[in-house]
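Reviewing the structure listed below.
Treat the numbers as computed from the prediction; the structure is a model and nothing was measured. Lettering follows sequence order; numbering is per chain, from 1.
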Protein chains: 2
Amino acid sequence: MFKLSKMADYSIVLLSRMSKAEDLLSTSELAEETQLSEATVAKIMRLLVKAEIVSSIRGAQGGYRLAVLPENLSAGDIITAIDGPKALTACTDDGAGECILIKNSAMAMRLQKINGAVKNALHNISLKDLYV
Amino acid sequence: MFKLSKMADYSIVLLSRMSKAEDLLSTSELAEETQLSEATVAKIMRLLVKAEIVSSIRGAQGGYRLAVLPENLSAGDIITAIDGPKALTACTDDGAGECILIKNSAMAMRLQKINGAVKNALHNISLKDLYV
DNA sequence: ATAAACCATACCAATTTTGTATGATTTATA
DNA sequence: TATAAATCATACAAAATTGGTATGGTTTAT
């Protein structure tokens, strides 16, 4: 399926909100403003931190802040962070073991061609483009 | 998720095989040559017929034949036929009721922008490009 | 010390996807 | 005209994925 997952869409909502903020935003603040549950927000923020899309400050008065400029953050980056690399990667030569298994097969070529085109398209859309 | 479904991939295998054939190919012939089960082949062919990507002849000695030139058949057409229009459509103005519900919302705008880009990318890849 | 806040993991429910089974209809051919 | 080859239509169960929540641990400002 080639459609945006709910989680990826939520993450764009959150990132759009963060791109308007000067200071740190906590999970509870983000949840309240976006109408999402705190648990869901927390789950997404963890993934965005791991992908180094946002930076986090722990402890009281902590929170999250964008680590990248909105114009330098692509939809592809966000989707990869949320849905995992398998959602998008085009099986490049430096890939992991799984990729080698189907290398040289016709199936691998097709996946590479199609996923490569999708990947490319998504990397040409920035968060700034999405923030309407 | 932005990856090719198994069914869509199978359909490309089948269509690639058909693009090499001069005459009709039956479900059992296609199944044998592609190593897929007859039931799975039958299911896919039905969808391709409904989408007018292949034409079918019923009865004994019947079978399937490509109804479009490989260079005029896009990956987007194939995916839409197999996974349904929701896999790809960008929520256009002439769309069905479901689309109207989220119209004018920020979510609709994002979906439109992202899915539109993916849709466009997939329509620029033809079956001929995939047939390696 | 305490409370605010992030971190990590595990888990279940809901949905979607895959794959198969069954029976009906069409048609070439002996 | 009976038979077999073939597509058509629907329904359904198993498997995988996704969505969402809960629980407990760790960090840090006050």
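Within the 4.0 angstrom heavy-atom criterion, only backbone atoms of the sugar-phosphate kind lie near B:S37; the bases stay farther away. Among the atoms of the strands shown, only primed sugar atoms or phosphate atoms (P, OP1, OP2) are found under 4.0 Å from some heavy atom of A:T27.
Computed from coordinates, the A:Q35 CD to D:dG20 P distance equals 14 Å when rounded to whole Å. Note: CG (B:L30) to P (D:dT7) measures 8 Å, nearest angstrom. As a whole-Å value, the separation of B:K6 NZ from D:dA16 C1' is 9 Å. Atom CG in A:D9 sits roughly 13 Å away from atom C1' in D:dG19 (whole-Å rounding).
The 12-atom threshold is not exceeded at CD of B:E52, counting heavy atoms of other residues, nucleotides or ligands nearer than 6.0 Å. Atom CD of A:E33 has more than 12 neighbouring heavy atoms from other residues, nucleotides or ligands inside a 6.0 Å radius.
At least one side-chain nitrogen or oxygen of B:T40 sits closer than 4.0 Å to the OP1 or OP2 atom of C:dT20. One finds a side-chain N or O of A:Y64 lying less than 4.0 angstrom from the OP1 or OP2 phosphate oxygen of C:dC7.
We find the OG-CG distance between A:S74 and A:L130 to be 9.5 Å, quoted to the nearest 0.5 Å.
Contact of the B:E32 side chain with the B:E29 side chain is not registered, since no non-hydrogen atoms from C-beta on lie closer than 4.5 Å.
Annotation: of the two residues near DNA chain C, A:K3 and A:G63, the 5′-most nearest-nucleotide partner is A:G63.
Residues passing the side chain to side chain contact (heavy atoms under 4.5 Å, CB included) test with B:L47 are B:I82, sequence neighbours excluded.
Within residues 41-60 of chain A, the residues approached by DNA chain C to less than 4.0 Å at the level of any non-hydrogen atom are A:R46, A:S56, A:I57, A:R58, A:G59, A:A60, in residue-number order.
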